[in-house]
Amino acid sequence: MRKYWFIFSLYWQEGLQQRASFFMERFRALIVLVSFYYFWSTLLRNRTSFAGYDHAQMITYVFGMNILRSLVFASRTYEIAGEISHGRLSGYLLKPVNFFFYTFCRDLSEKSISLVSAIVEIFGLTWIFHVAIRWPHSWMTWVYFAFAIIGAMILNFLMSFIIGCWGFWTAESGGPRFLLELFLEFSAGAFFPLDILPAGLQKVLSHFPSPYLVFYPLHIFLEKVNSTQIINGFCAMAFWIAAFSLVAWQVWSKGVASYGAEGS
């Protein structure tokens, strides 16, 4: 266990050393957050609610999106394809570590840095704009919310890991990854609550795992789901995690079997 903690701390330090990339990424996230804040504030200025959200709930959702985007979508799995195509994977296979957990710890370091930054941004904007956050009334909501976040992180990691493993068969995995991330962010509710969409489109998206990445956890936080819906949501999330775990294992096993360590 100590070796994985060392991996986490090592990549944490590396992430903090890349100051220019870090600040540019957080600046982009801050611009997106402020844009969404002004958009929904303007839309709800002369309304008591929109699609079942009052002003406090919608702004809480917007700020929550920033937190979950930092936790769920912050990732370094894009490095897997390059490590495979350049032959650097051999070094990991020879080390006494599980590459899957190695990659997950590397991801956690990226997520933790982004999370700290997102929290600072949220509290800063809350103070500047005097925003009223809609906090949960029940302490159990925090427990459900925490489990939903953990499930969302694992689910997104598994999907990203599978895309990264495409590097075993092609060096051009950047395009599929970009399309996947774009679809996931849209269908996860990372731009707006999914229940403002037409009912037919909501029903289609409900058959995908993506709503469990952002929309479902934030609905729990806003206490817009009852106990039955929470249980059903966790069961569905567990199903997707189990399914993608199996796919990831199969893809990784087949990929390693065909891996030739070629590369520069």
Query raised in the report: Is there a donor-acceptor contact under 3.5 Å from the side chain of His130 to the main chain of Thr126?
Result: no

**Report entry** Asn66 CG to Leu33 CG distance, which is reported to the nearest 0.5 Å
**Finding:** 4.5 Å

Query raised in the report: Should Ile163 and Thr77 be marked as a side-chain contact (heavy atoms from CB on, under 4.5 Å) after you check the CA-CA gap, both sets of side-chain angles, and the distance that decides it?
Result: CA-CA 8 Å; Ile163 295 296; Thr77 50; over 6 Å; no

Report summary line: Interatomic distance, NE2@His207 vs CD@Gln202, rounded to 0.5 Å, equals 13.0 Å

Query - Smallest separation among heavy atoms of Tyr212 and Gly233, with atom names - result: CE2-O, 3.7 Å

Query raised in the report: Does the pair Trp40 and Tyr53 meet the rule for a ring pair (Phe, Tyr, Trp, His ring centres under 6.0 Å), with working shown?
Result: CA-CA 10 Å; Trp40 289 111; Tyr53 293 84; 8.1 Å; no

Query raised in the report: Heavy atoms, side chains only, cut-off 4.5 Å: are Met65 and Val62 in contact?
Result: yes

Query raised in the report: Mind checking whether Leu222 and Ile133 sit in one hydrophobic cluster, side chains of I, L, V, M, F, W, Y counted as touching below 4.5 Å?
Result: yes

Requested in this report: Would you mind checking if Asp195 and Lys224 are paired as a salt bridge, meaning a charged N to carboxylate O distance below 4.0 Å?
Outcome: no

Query raised in the report: In Å and rounded to the nearest 0.5 Å, what is the CD1 to CZ distance from Ile80 to Arg88?
Result: 12.0 Å

Query raised in the report: Under 6.0 Å between the ring centres of Tyr38 and Phe129?
Result: yes

Query raised in the report: Below 4.5 Å, heavy atoms only, C-beta onward: do Leu115 and Ile119 meet side chain to side chain?
Result: yes

Query - Between Asp107 and Ser75, a side-chain donor and acceptor under 3.5 Å - result: yes

Requested in this report: Examine distances only and state if a side-chain atom of Ser114 and a backbone atom of Lys111 form a donor-acceptor pair shorter than 3.5 Å.
Outcome: no

Query - Nearest non-hydrogen partners of Gly255 and Phe168, listed with the distance - result: O-CD2, 3.2 Å

Report task. Kindly determine whether Phe99 and Leu89 satisfy side-chain contact (heavy atoms from CB on, under 4.5 Å), including the steps that lead there. Result -> CA-CA 9 Å; Phe99 184 74; Leu89 181 63; 3.8 Å; yes

Query raised in the report: If you measure only the distance, is there a donor-acceptor pair under 3.5 Å linking the side chains of Ser187 and Ser210?
Result: yes

Report task. Determine the sole option in Phe145, Tyr61, Phe63, Tyr216 for which the ring pair (Phe, Tyr, Trp, His ring centres under 6.0 Å) test with Phe221 is passed. Result -> Phe145

Query - Non-neighbouring partners of Glu185 that pass salt bridge (charged side-chain N to carboxylate O under 4.0 Å, His left out), sequence neighbours left out - result: Arg69

Requested in this report: Measure the shortest side-chain to side-chain distance between Phe161 and Phe100 over non-hydrogen atoms and say whether it is less than 4.5 angstrom.
Outcome: yes

**Report entry** Leu218 CG to Ile67 CD1 distance, which is reported to the nearest 0.5 Å
**Finding:** 10.0 Å

**Report entry** Non-hydrogen side-chain atoms of Leu44 and Asp54 separated by less than 4.5 Å
**Finding:** no

Query raised in the report: CZ of Phe123: more than 12 outside heavy atoms within 6.0 angstrom?
Result: no

Report summary line: ring pair (Phe, Tyr, Trp, His ring centres under 6.0 Å) with Phe186: of Phe73, Phe208, Phe192, Phe215, only one passes, and it is Phe192

Report task. Report yes or no: do Ile128 and Leu30 belong to one cluster of Ile/Leu/Val/Met/Phe/Trp/Tyr joined by side chain heavy-atom distances under 4.5 Å? Result -> yes

Requested in this report: Output yes when Glu110 and Arg106 qualify as a salt bridge under the 4.0 Å nitrogen-oxygen rule, no when they do not.
Outcome: no

Query - Validation row: Tyr37, Leu125 side chains within 4.5 angstrom (heavy atoms) - result: no

Report task. To the nearest 0.5 angstrom, please state how far the OG atom of Ser160 sits from the CD atom of Glu181. Result -> 6.0 Å

Query raised in the report: In terms of heavy-atom contacts, does CH2 of Trp142 have more than 12 from other residues, nucleotides or ligands at under 6.0 Å?
Result: yes

Report task. May I ask you to test the Trp166-Ile84 pair for a side-chain heavy-atom distance under 4.5 Å? Result -> no

Query raised in the report: What are the two closest non-hydrogen atoms of Phe191 and Phe36, and how far apart are they?
Result: O-CE2, 3.3 Å

Query raised in the report: Do the side chains of Val34 and Phe39 join up, straight or via other hydrophobic residues, at under 4.5 Å, putting them in one cluster?
Result: yes

Query raised in the report: Are Thr103 and Phe157 close enough, and set up right, to give a side-chain contact (heavy atoms from CB on, under 4.5 Å), and what steps lead you there?
Result: CA-CA 9 Å; Thr103 309; Phe157 171 76; 3.9 Å; yes

Requested in this report: Tell me whether Phe27 is reachable from Ile122 by hopping between hydrophobic residues (I, L, V, M, F, W, Y) whose side-chain heavy atoms are closer than 4.5 Å.
Outcome: no

**Report entry** Under 3.5 Å donor-acceptor, Ser253 side chain and Gln250 backbone
**Finding:** no

Query raised in the report: Which atom pair, heavy atoms only, marks the closest approach of Ser245 to Leu158?
Result: OG-CD1, 3.4 Å

Query - Heavy-atom side-chain contact between Met58 and Ser41 under 4.5 Å - result: no

Report task. Would you confirm whether Thr141, through its side chain, and His137, through its main-chain N or O, come within 3.5 Å as a donor-acceptor pair? Result -> no

Query - Single-linkage hydrophobic cluster, 4.5 Å side-chain cutoff, Ile150 and Met140 together - result: yes

Query - Residue pair Ala188 / Val214: nearest heavy atoms and the distance that separates them - result: O-CB, 3.2 Å

Query raised in the report: Does Asn226 offer a backbone N or O that forms a donor-acceptor pair with the side chain of Gln229 under 3.5 Å?
Result: yes

**Report entry** Considering all heavy atoms, the nearest Ala148-Ile220 contact
**Finding:** CB-CD1, 3.9 Å

**Report entry** Backbone of Pro136 reached by a side-chain donor or acceptor of Glu223 within 3.5 Å
**Finding:** no

Query raised in the report: If you round to the nearest 0.5 Å, how far is CG of Leu155 from CD1 of Ile241?
Result: 5.5 Å

Query raised in the report: Does Leu213 reach the side chain of Met159, with side-chain heavy atoms less than 4.5 Å apart?
Result: yes

